[in-house]
Colleague: 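Pasting in a structure now, in structure tokens, and then I'll have a few things to ask.
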Amino acid sequence: MYVERASRLAGAVVWSRAIAGPSVAAVLPDGCMDLLWTEGRLLVAGPDTRAYVPDGVPGGWAGVRFYPGTGPALLGVPAHELRDRRVELADLWPAARVRRLTARVDRAADPVSALEEVALERAADAEPPDPLLREVVGALDSGRPVAAVADELGVSARQLHRRSLAAFGYGPKMLARVLRLQRALALARGGVPLAETAARAGFADQAHLARDVRELAGLPARELLGLR
């Protein structure tokens with residue numbers, strides 16, 4: 001069972017997930033990085049370029065999903081170094097500190113809230129994320145072409161690509177694809193027919209939507225959405 005809510009950390013989401021058996025839904029690319037907890041461990045999920053399937057080991061999980069582009073400033077690592085990876089937080093932060101934080105979340109009555117507090121404390125000590133990054137996300141999520149976004153923000157295409165790698169883990173074209181996929185999933189899950197979903201989400205046609213879903217999610221669109 002998966003449950004999420006808005007976090008007190010601006011733009012973030014906190015979530016919990018109980019895994020009871022080997023069949024686990026894939027985690028789809030969303031442009032985000034997550035701080036994760038499971039019994040006795042703190043980890044970081046880097047930005048994905050393809051569906052990630054958890055190993056299905058029974059247990060409880062909690063997570064803080066950072067708004068796209070904000071994770072690196074909080075975690076202290078460029079996003080591209082963690083692309084398509086799950087790593088121990090102790091690989092990024094001092095091990096003694098991570099042991100203390102892990103023990104604190106382990107003994108909390110509500111691990112989700114305890115993990116959220118860890119993220120809030122870290123955010124209070126970290127430099128704020130570059131405000132340009134939120135503008136990049138908003139512009140690309142509206143379907144604007146990458147070249148137009150660079151021009152509007154007053155940066156070169158090369159600068160935009162370099163800053164996107166550090167903030168999102170990949171270039172702006174890949175981020176645009178990921179955000180478009182998420183728009184399409186939201187529309188389709190809301191009952192919008194696939195052909196209309198493709199047009200409204202910014203795909204050339206339904207075949208284009210189907211190709212992107214298969215490449216990024218690893219499943220045919222109808223199977224992913226549970227459609228007949």
Side-chain angles (χ1 to χ4, degrees), residues 2-4 6-7 11-15 17 23-34 36 44-54 63-72 79-80 82-86 133-150 153 157 160-161 163-228:
Y2 174 86
V3 178
E4 69 173 40
S7 172
V13 170
V14 293
W15 56 268
R17 189 177 201 176
S23 180
V24 184
V27 178
L28 302 183
D30 57 9
C32 300
M33 297 173 65
D34 290 56
L36 308 173
V44 173
D48 292 320
T49 62
R50 56 185 181 272
Y52 171 79
V53 181
V64 179
R65 181 173 303 118
F66 302 113
Y67 186 82
T70 62
H80 64 83
L82 300 181
R83 183 172 53 235
D84 292 319
R85 298 176 62 201
R86 270 67 180 161
L133 301 174
R134 188 174 286 268
E135 295 184 55
V136 170
V137 175
L140 293 177
D141 199 25
S142 72
R144 299 190 65 74
V146 171
V149 172
L153 297 179
L160 180 58
H161 186 82
R163 291 167 79 166
S164 294
L165 281 178
F168 309 116
Y170 29 65
K173 289 185 178 180
M174 183 65 190
L175 177 62
R177 287 184 71 199
V178 167
L179 296 174
R180 185 175 60 192
L181 171 69
Q182 290 294 329
R183 292 197 303 274
L185 292 176
L187 288 166
R189 287 168 175 163
V192 178
L194 287 181
E196 183 181 347
T197 287
R200 288 172 57 181
F203 292 89
D205 51 30
Q206 188 174 336
H208 183 198
L209 166 64
R211 288 195 301 273
D212 254 27
V213 170
R214 184 176 285 279
E215 288 179 17
L216 296 174
L219 292 171
R222 290 186 175 276
E223 184 177 341
L224 175 66
L225 296 166
L227 302 175
R228 292 184 180 273

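Quick caveat: nothing in here was measured; it's all calculated off a predicted structure.
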Colleague: Is there side-chain contact between Asp30 and Arg65, with at least one heavy-atom pair below 4.5 Å?
Modeller: yes
Colleague: Who passes ring pair (Phe, Tyr, Trp, His ring centres under 6.0 Å) against Tyr52, sequence neighbours left out?
Modeller: none
Colleague: Would you say that Val64 contacts Asp34 through its side chain, given a criterion of any heavy-atom pair below 4.5 Å between the two side chains?
Modeller: no
Colleague: Would the distance check show the side chain of His208 and the main-chain N or O of Ala204 forming a donor-acceptor pair, the cut-off being under 3.5 Å?
Modeller: yes
Colleague: Measure across Ala6 and Val14 and return the closest heavy-atom pair with its distance rounded to 0.1 Å.
Modeller: O-CG2, 4.4 Å
Colleague: If a pair satisfies side chain to side chain donor-acceptor pair (under 3.5 Å) and one of its residues is in residues 185-197, list it, with sequence neighbours excluded.
Modeller: Glu196-Arg200
Colleague: What is the minimum heavy-atom distance between Ala188 and Leu194, and which atoms define it?
Modeller: CB-CD2, 4.2 Å
Colleague: State plainly whether the residues Glu215 and Arg50 are in salt-bridge range, i.e. N to O under 4.0 Å.
Modeller: no
Colleague: Would Asp48 and Arg85 pass as an ion pair if we require N to O under 4.0 Å?
Modeller: no
Colleague: If you compare all heavy atoms of Leu165 against all heavy atoms of Gly171, which two are closest, and at what distance to 0.1 Å?
Modeller: CD2-N, 3.9 Å
Colleague: Could you tell me whether the side chain of Leu185 reaches within less than 4.5 Å of the side chain of Leu28, counting heavy atoms only?
Modeller: yes
Colleague: Can you name the residues that form a ring pair (Phe, Tyr, Trp, His ring centres under 6.0 Å) with Tyr67, not counting sequence neighbours?
Modeller: none
Colleague: Check whether Arg83 reaches the backbone of Gly169 with its side chain - one donor and one acceptor, N or O, closer than 3.5 Å.
Modeller: yes
